[in-house]
Chemist: 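One structure follows; several queries about it will come next.
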Amino acid sequence: MKRWSDFLWVLVCTLLLCIPAGYEPRHFAKLLFAGAFVQSLFYVLVAWWLTRRSICGRTTVFTIAYLLFIVETFTFIFFESRFDPGILTLILQTSGREISEFFQTYVWSSGTLLFLAAVVVVYGLLLWLLRPAKKHVKLWPVLVSAGLFVVTWLPLPFPIGQNTINELAMSVRFVQEKHGEIVLMNQAINDIKVYAYPEKEQAPVIVLVIGESFNRNHSSLYGYGLETSPLMERERAEGRLTVFTDVHTPTNGTDYAMRYLFTLKGCETDHADSSQYVLMPAVMKQAHYGVAYFDNQYTRSSGGSLDYSCGYFLNPTYINDHCFDYRNTETKEYDGDFINDCRKQFLTTHRSLNIIHLQGQHFNAARRYPANYGVFSASNIQRSDLSESQRQQVAEYDNATRYNDYVLGMIIDSFRKTDAVIIYLADHGEQIYDGREQNFGRGFSGEQDEETLRNVYHIPMMIWCSDGYIAHHAEQYQRIQASAGRKFCSADIPYLLFDLAGVDFNHNHQERSVIDSLFKPHETIITDY
Ligand SMILES: [Zn+2]
């Protein structure tokens with residue numbers, strides 16, 4: 001009986017550690033899964049021997065294995081991914097508001113509460129079932145453990161799958177490495193050499209608006225049936241707005257997108273290429289542009305200088321001081337209130353760059369617009385293949401898209417009377433039950449099927465020019481209009497900004513500016529990092 005409970009303890013702990021390796025589609029029932037099993041068995045046998053006289057030790061080891069298993073299972077169910085570096089970064093970058101929204105959306109549903117209750121009950125049952133035997137001191141487990149230890153460290157001709165312990169260690173290591181990038185970015189700032197910049201009166205006001213989770217197929221600018229972008233449609237009809245039709249993003253994560261937009265990292269950049277650490281705002285500042293940064297998702301103060309929020313690399317003091325003249329310290333629940341709040345700080349004199357990062361249509365879309373901005377309801381969504389509640393979710397997304405149009409209108413109005421050019425693009429899209437697959441949200445396991453590419457990686461982008469800008473920069477305006485159909489990768493946005501700003505420097509590549517006559521289009525390589 002005692003031996004039997006020992007055997008059961010080893011078996012259950014081993015399975016808890018290695019089963020999540022099977023969640024990865026390519027790993028299941030393959031050599032990788034066998035590798036994860038061997039490693040797990042090794043860890044458990046060592047732990048079993050070390051804790052042979054300690055009930056407390058046995059309980060602790062079992063509890064850790066159980067917790068790791070539940071966490072991996074939970075992230076797999078909700079994010080279609082194991083607890084990998086992406087998920088860890090996501091958690092570390094999550095603000096208090098997002099956590100409470102996450103709890104309200106996921107945890108306070110009856111299904112999840114039932115799941116959590118089952119987790120607790122199963123834990124109690126297993127704990128009772130696996131209660132340790134008294135003392136059995138044998139030599140053989142030590143020998144077996146030592147043998148397994150050698151096996152796990154031998155160079156094998158095939159990769160070994162990650163059990164939950166390796167997975168956690170790998171994630172922590174990854175986040176540490178990310179931090180090393182900061183050092184390289186500091187060096188890159190010192191290496192910038194500006195060759196040319198315009199006289200103050202000749203330089204425009206440039207505004208870069210980074211949207212969030214904008215599926216362009218839900219915008220009437222791109223042919224959607226409901227009127228979700230009425231203000232932008234009017235700007236287009238009056239000749240101020242140019243809508244780009246073939247723009248793609250290399251990533252579906254906000255933090256990774258920010259890295260592509262703020263630095264010279266391209267989707268095909270070689271790992272050894274140091275220009276990937278050059279920060280676009282630092283170049284603009286050295287070219288005597290005033291630079292202001294307004295972010296409604298994260299502020300420098302929200303996570304401190306070491307946080308891993310989507311703009312974490314912009315937070316350390318040296319980088320912050322060399323990139324920005326102004327940065328907001330507070331965020332607002334709705335983008336409209338945010339713009340209202342910070343537009344007094346917008347830089348509207350010649351030779352300025354304003355960067356604005358919105359909440360946009362980020363999940364949960366119903367929370368992105370005030371109640372009185374809800375124009376559409378389930379009855380407006382003509383989709384007989386969807387349930388009532390799914391059609392309601394589509395309507396909420398469309399309302400958020402329309403509210404985003406209103407917010408863009410506010411931004412435009414702030415610059416209407418100045419010599420300004422505004423570039424809007426989304427970090428990535430989102431799936432809103434669009435196709436036959438009826439996918440919703442974003443997965444984190446790198447799917448590249450046709451529906452995902454169309455709704456997540458093919459993004460909206462537009463350039464608005466004020467009447468003053470069109471009058472003073474007729475040639476640029478012509479070039480913008482002539483480029484609307486070009487295939488463009490959002491990672492090359494910095495080069496478009498340098499072109500519009502009239503800035504040249506030591507890492508510039510004219511052929512990457514979508515409006516340049518030398519522009520060379522390239523395929524967007526989806527990297528998801
Ligand atoms: Zn995003």
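Order of appearance sets the numbers: ligands from 1, and atoms from 1 within every ligand.
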Chemist: State the atom name: nearest N, O or S atom of E212 to the Zn ion (ligand 1).
Modeler: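 For E212, the N, O or S atom at the smallest distance from the Zn ion (ligand 1) is OE2.
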Chemist: Any chance the rings of H218 and Y397 have centres within less than 6.0 Å?
Modeler: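 For H218 and Y397, the ring centres are under 6.0 Å apart.
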Chemist: Testing R383, Q393, Q438 one by one against Y433 for a side chain to side chain donor-acceptor pair (under 3.5 Å), which residue passes?
Modeler: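 Testing each of R383, Q393, Q438 against Y433, the sole residue satisfying side chain to side chain donor-acceptor pair (under 3.5 Å) is Q393.
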Chemist: Taking both backbone and side-chain atoms into account, decide whether T254 has an N/O/S atom under 2.8 Å from the Zn ion (ligand 1).
Modeler: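 T254 does place an N, O or S atom closer than 2.8 Å to the Zn ion (ligand 1).
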Chemist: Has H428 got an N, O or S atom lying less than 2.8 Å from the Zn ion (ligand 1)?
Modeler: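 For H428, the answer is yes, given that an N, O or S atom comes within less than 2.8 Å of the Zn ion (ligand 1).
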Chemist: Output the atom name for the N/O/S atom of D427 with the smallest distance to the Zn ion (ligand 1).
Modeler: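 Closest N, O or S atom of D427 to the Zn ion (ligand 1): OD2.
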Chemist: Can you see whether N217 engages R454 through a side-chain donor-acceptor pair at a distance of less than 3.5 angstrom?
Modeler: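 Short answer, no.
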Chemist: Tell me whether the centres of the aromatic rings in Y277 and F313 are closer together than 6.0 Å.
Modeler: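 So the answer is no for these two rings.
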